[in-house]
Amino acid sequence: MQLAVVSGHSFNSGDTFNVRSHGSTYTSTLNSLTLVGQDLRDKINAVAGYVATYDAGTGTLVVRHIGATSIPTISASVIGSVGGTGSTASGASGIRELTIGGTMVPGEVWHVTITGSATVTVDYTVQSGDTKSDVATAIAALIDSANGGTYSTSVSGFVIAVDDTGSAFRPAISVVIDPTASPDATATPGATGTGNVAYATLGGNVVTDEVWTLNLAGQSAATYTVVGTKTVEDVGAGLLAALIPVCMRPATT
């Protein structure tokens, strides 16, 4: 999985990174892409049966399912911080005011609930180019048409005045805003992977005429004979070259 900042944008500490693997969701909101990747890695590693690594240089988060032959199922998203705000205040007699504030972010969904003679909830999705006044006008129109006209509204700029026509008391107003995908960052699942991974670490000194052997269960051994002055990296490359045809041959006893 690749974590990245969108070209032309900067990292936004208000973004929430979500990674979902095999039914579990891991989230992180920290102050840099590196910290987010390391945080997701640590949270996945805390779950039995999974091993995760994070390469800060490439933004690559690798998830392995220990002992499994299937590739872990992974999805991801980056959710932006909420841009809009909704605040309420008492208006004239029987009136409750809702002020539309903050930044209007296309794709954010405003859920406005009016509670008084009846409970009414209206939903509005911010459109590209919407101003605070546009959002106020749209939400007011939805309130006016909801529940047979229990509530009436008027709009001044980006302030909505709500009147409960069936009561002398002011209605209560609550606002919940659903964020949308971040314009700043991405988390892209890789197309391929592997569930079973084993490592052979080569070390020590390499001496001329040594024969290095790598045994694989059910397969013939891969061997490499040191000729001249070689390094551990040379031995690894030689064993790898010998390993590929070994894995393609039938097993021997």
Side-chain angles (χ1 to χ4, degrees), residues 1-11 17-22 24 26-28 30-78 184-253:
M1 174 174 298
Q2 188 83 20
L3 308 184
V5 175
V6 174
S7 177
H9 290 254
S10 58
F11 181 83
F17 287 73
N18 302 285
V19 173
R20 185 171 178 82
S21 177
H22 282 210
S24 297
Y26 309 90
T27 65
S28 182
L30 292 175
N31 295 324
S32 72
L33 199 63
T34 295
L35 291 176
V36 166
Q38 292 171 345
D39 187 35
L40 290 170
R41 173 202 64 195
D42 293 344
K43 289 176 178 176
I44 295 171
N45 280 334
V47 178
Y50 289 90
V51 173
T53 59
Y54 181 68
D55 184 340
T58 62
T60 303
L61 179 69
V62 178
V63 180
R64 294 181 172 88
H65 192 182
I66 301 171
T69 58
S70 62
I71 298 171
T73 301
I74 298 178
S75 60
S77 64
V78 184
D184 305 296
T186 60
T188 307
T192 60
T194 180
N196 281 331
V197 179
Y199 294 91
T201 302
L202 308 182
N205 298 316
V206 179
V207 180
T208 300
D209 296 329
E210 281 181 342
V211 178
W212 291 60
T213 302
L214 180 62
N215 292 298
L216 299 177
Q219 299 290 342
S220 301
T223 62
Y224 175 78
T225 301
V226 179
V227 177
T229 302
K230 300 294 183 183
T231 65
V232 171
E233 289 75 17
D234 295 327
V235 174
L239 286 172
L240 178 61
L243 181 63
I244 294 174
V246 163
C247 291
M248 297 176 63
R249 293 198 297 263
T252 60
T253 57

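What you are looking at is a predicted structure, and each value in this text was computed from that prediction instead of being measured.
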* **Minimum heavy-atom distance A187-A76, with the two atoms named** => O-CB, 3.5 Å
* Pairwise distance OG1(T188) to CD(Q2) - rounded to 0.5 angstrom -> 7.0 Å
* Structure fact -> Output for pair (D234 CG, L202 CG), nearest 0.5 Å, gives 11.0 Å
* Looking at residues at least two apart in the chain, or sitting in another chain, which of them share a side chain to side chain donor-acceptor pair (under 3.5 Å) with K230? -> none
* Flag side-chain contact, heavy atom, 4.5 Å: L3 against L40 -> yes
* Quick one: salt bridge (Lys or Arg N to Asp or Glu O under 4.0 Å) pairs with a partner in residues 46-62, sequence neighbours left out? -> none
* Kindly write out the residues that satisfy side chain to side chain donor-acceptor pair (under 3.5 Å) with D42, not counting sequence neighbours, or none if the list is empty. => none
* **Non-hydrogen atoms of F17 and A185 that approach each other most closely** => CZ-CB, 3.6 Å
* **Validation row: Y54, T60 side chains within 4.5 angstrom (heavy atoms)** => no
* Where is the tightest heavy-atom contact between L35 and N31, given as atom of each residue plus distance? -> CD1-N, 4.3 Å
* Quick one: closest heavy-atom pair of V206 and V232, and the distance? => CG2-N, 3.6 Å
* Asked: At their closest point, which heavy atom of T34 faces which heavy atom of A56, and how far apart are they?
  -> OG1-CB, 3.7 Å
* Partners meeting side chain to side chain donor-acceptor pair (under 3.5 Å) with Y50 (sequence neighbours left out) -> H22
* Can you check whether N18 reaches V78 side chain to side chain, under 4.5 Å on heavy atoms? -> no
* How would you list, by chain and number, every residue that makes a side-chain contact (heavy atoms from CB on, under 4.5 Å) with V5, sequence neighbours excluded? -> H9, F11, L33
* Structure fact -> Across all chains, not counting sequence neighbours, the side-chain contact (heavy atoms from CB on, under 4.5 Å) partners of S24 are Y26
* Asked: Hey, what do you get for CG (L61) to CG (D39), rounding to the nearest 0.5 Å?
  -> 11.0 Å
* Answer whether the closest heavy-atom distance between the side chains of T53 and R64 falls below 4.5 Å. => yes
* To do: Mind checking the CZ-OG spacing from R41 to S28? Nearest 0.5 Å is all I need.
  => 11.0 Å
* Pairwise distance OG(S75) to CE(M1) - rounded to 0.5 angstrom -> 7.0 Å
